[in-house]
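Remember, it's 1-based here, ligands and their atoms both numbered in the order they're listed.
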Amino acid sequence: MKVTIVGAGNVGATCADTISYRGIASEVVLLDIKEGFAEGKALDIMQCATNTGFNTKVVGVTNDYSRTANSNVVVITSGIPRKPGMTREELIGINAGIVKTVTQSVLEYSPEAIIVVVSNPMDTMTYLALKSTGLPKNRIIGMGGALDSSRFRTYLSMALDKPANDISAMVIGGHGDTTMIPLTRLASYNGIPVSQFLSEEALQKVAADTMVGGATLTGLLGTSAWYAPGASVAYLVDSILNDQKKMIACSVFVEGEYGQEDICIGVPCIIGKNGVEEIVDIKLNEDEKALFAKSATAVRSMNDALNAILK
Ligand SMILES: NC(=O)c1ccc[n+]([C@@H]2O[C@H](COP(=O)([O-])OP(=O)(O)OC[C@H]3O[C@@H](n4cnc5c(N)ncnc54)[C@H](O)[C@@H]3O)[C@@H](O)[C@H]2O)c1
Ligand SMILES: O=C(O)C[C@H](O)C(=O)O
């Protein structure tokens with residue numbers, strides 16, 4: 001199976017590294033616009049193979065889309081990341097043009113590929129990729145919920161002082177500092193509601209920390225995060241290529257689900273070889289429904305900004 005990753009920067013290269021290390025694909029092509037950059041990252045990753053024991057072929061190319069031909073999955077990480085103090089939404093002006101062009105280029109050589117959109121503002125870029133290509137909605141998946149959920153589980157594990165892998169929890173809604181919705185009511189520690197172990201105040205703090213998880217890292221690092229984002233993309237790609245049918249919160253096009261339509265927003269999805277195979281309908285309570293409606297309004301307003309930018 002072949003995966004192309006467009007953008008060999010922090011997230012793209014980490015994603016390539018994780019996919020190779022875990023043997024998720026037989027070939028990974030890293031493509032970047034910066035001369036020699038993807039070639040260098042690919043060579044560096046390939047030189048891990050004998051120490052970590054993987055056999056994935058990793059190829060780096062400068063803007064040569066012919067080398068990406070017949071990819072099963074294409075991951076789009078090209079675009080600028082935010083700096084401390086910025087929101088993801090502020091990236092829309094530059095990233096919209098990049099994502100639109102790149103998506104069209106990859107489809108010329110891989111018309112059957114499933115596209116995973118990572119560039120921010122991710123929900124808006126996913127909507128743009130869908131609308132500008134006309135691909136069926138199951139083949140365009142925005143990655144954000146997988147990352148936000150892993151942050152949520154990490155903060156819960158820290159509050160509980162228990163292993164993150166014993167915790168099950170999900171974040172839905174937009175991938176924004178104020179739009180994501182950590183579902184604290186449904187989070188569990190080995191099947192037991194976390195509310196049995198944590199006070200309401202502690203749970204609210206976990207939710208607040210999760211929502212600004214990306215901003216916190218951007219403040220610490222001077223640019224946005226890459227290890228957990230790269231690993232989250234790899235997790236999603238694994239579920240597609242190996243038809244695992246995992247339930248992962250992804251930004252997908254909704255047509256009535258969760259009371260919304262004509263936007264891409266984070267909802268629980270079954271992810272398999274056909275991309276988005278099902279949107280899972282969780283019974284939200286009235287408060288959660290209100291939060292989802294508010295999040296959708298914010299996501300929709302960013303989509304409206306696209307038309308003006310792309311004119
Ligand atoms: N959805 C998420 O959960 C999530 C997580 C982390 C980062 N991001 C986003 O992913 C994007 C990349 O982040 P990063 O930290 O890897 O940034 P980065 O600057 O390290 O890498 C971006 C790369 O894209 C390349 N690029 C720019 N235009 C290109 C084009 N037209 N064709 C090919 N390559 C091009 C650049 O040369 C650069 O190497 C940002 O928009 C960031 O906000 C999203
Ligand atoms: O925070 C960012 O801008 C990057 C990414 O969306 C993240 O959540 O790490």
Same cluster for [X] and [Y] if Ile/Leu/Val/Met/Phe/Trp/Tyr side chains link at under 4.5 Å?
X: Val117; Y: Ile248; value: no
X: Ile45; Y: Val61; value: no
X: Tyr127; Y: Ile76; value: yes

- Item | Close approach of Thr223 to ligand 1, heavy atoms, under 4.0 angstrom | no

Nearest to [atom], what protein heavy atom do you find, and at what distance?
atom: atom 19 (O) of ligand 1; answer: Pro81 CD, 3.5 Å
atom: atom 21 (O) of ligand 1; answer: Gly9 CA, 3.2 Å
atom: atom 33 (C) of ligand 1; answer: Ile33 N, 3.5 Å
atom: atom 8 (N) of ligand 1; answer: Asn120 ND2, 3.5 Å
atom: atom 35 (C) of ligand 1; answer: Ser78 CB, 3.5 Å
atom: atom 12 (C) of ligand 1; answer: Thr77 O, 3.0 Å
atom: atom 22 (C) of ligand 1; answer: Gly79 O, 3.3 Å

Please report the shortest heavy-atom distance between [X] and [Y], naming the atom on each side.
X: Asp243; Y: Lys273; value: OD1-N, 2.9 Å
X: Ile172; Y: Gly266; value: CB-O, 3.4 Å
X: Thr179; Y: Ser295; value: O-OG, 2.8 Å
X: Pro121; Y: Leu91; value: CD-C, 4.1 Å
X: Leu128; Y: Ala96; value: CD2-O, 3.3 Å
X: Lys246; Y: Ser239; value: N-OG, 3.2 Å

Take a 6.0 Å sphere around [atom1] of [X] and say whether it holds more than 12 heavy atoms from other residues, nucleotides or ligands.
X: Asp161; atom1: CG; value: no
X: Glu201; atom1: CD; value: no
X: Tyr21; atom1: OH; value: no

Ligand 1 to [X] polar contact by distance, N or O atoms, under 3.5 Å:
X: Met143; result: yes
X: Val11; result: yes
X: Arg82; result: no
X: Pro229; result: no
X: Asp32; result: yes
X: Asn63; result: no
X: Val102; result: no
X: Asn10; result: yes

- Message: Salt bridge check, Glu277 against Lys245: does any charged N sit closer than 4.0 Å to a carboxylate O?
- Response: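 A salt bridge links Lys245 with Glu277.
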
- Query: Between Asp304 and Arg300, is the closest basic N to carboxylate O distance under 4.0 Å?
  - Reply: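 No.
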
As an exercise, identify every atom of ligand 1 less than 4.0 angstrom from a heavy atom of [X].
X: Ala225; result: 6 (C)
X: Lys34; result: 37 (O)
X: Phe37; result: 39 (O)
X: Met122; result: 1 (N)
X: Gly7; result: 24 (O)
X: Asn95; result: 41 (O)

- Query: Taking the minimum heavy-atom distance to atom 40 (C) of ligand 1, which of Val118, Val6, Leu91, Ile80 ranks first?
  - Reply: Ile80

- Task: Starting from the C-alpha separation in whole Å, work towards a yes-or-no answer on salt bridge (charged side-chain N to carboxylate O under 4.0 Å, His left out) for Lys289 and Asp287.
- Result: CA-CA 5 Å; Lys289 279 184 193 164; Asp287 288 348; over 6 Å; no

- Is there a donor-acceptor contact under 3.5 Å from the side chain of Thr56 to the main chain of Gly23? no

- Side-chain donor/acceptor of Ser71 to backbone N/O of Ala113, under 3.5 Å: no

Could you go through ligand 2 and list every pair where one of its N or O atoms sits under 3.5 Å from a protein N or O, giving the atom names and the distance to one decimal?
residue	atom	partner	partner atom	Å
ligand 2	1 (O)	Arg82	NE	3.2
ligand 2	1 (O)	Arg82	NH2	2.8
ligand 2	1 (O)	Arg88	NH2	3.4
ligand 2	3 (O)	Arg82	NE	2.6
ligand 2	6 (O)	Arg88	NE	2.8
ligand 2	6 (O)	Asn120	ND2	2.9
ligand 2	6 (O)	His175	NE2	2.6
ligand 2	8 (O)	Arg88	NH2	2.8
ligand 2	8 (O)	Arg151	NH1	2.8
ligand 2	8 (O)	His175	NE2	3.4
ligand 2	9 (O)	Arg151	NH1	3.3
ligand 2	9 (O)	Arg151	NH2	2.8

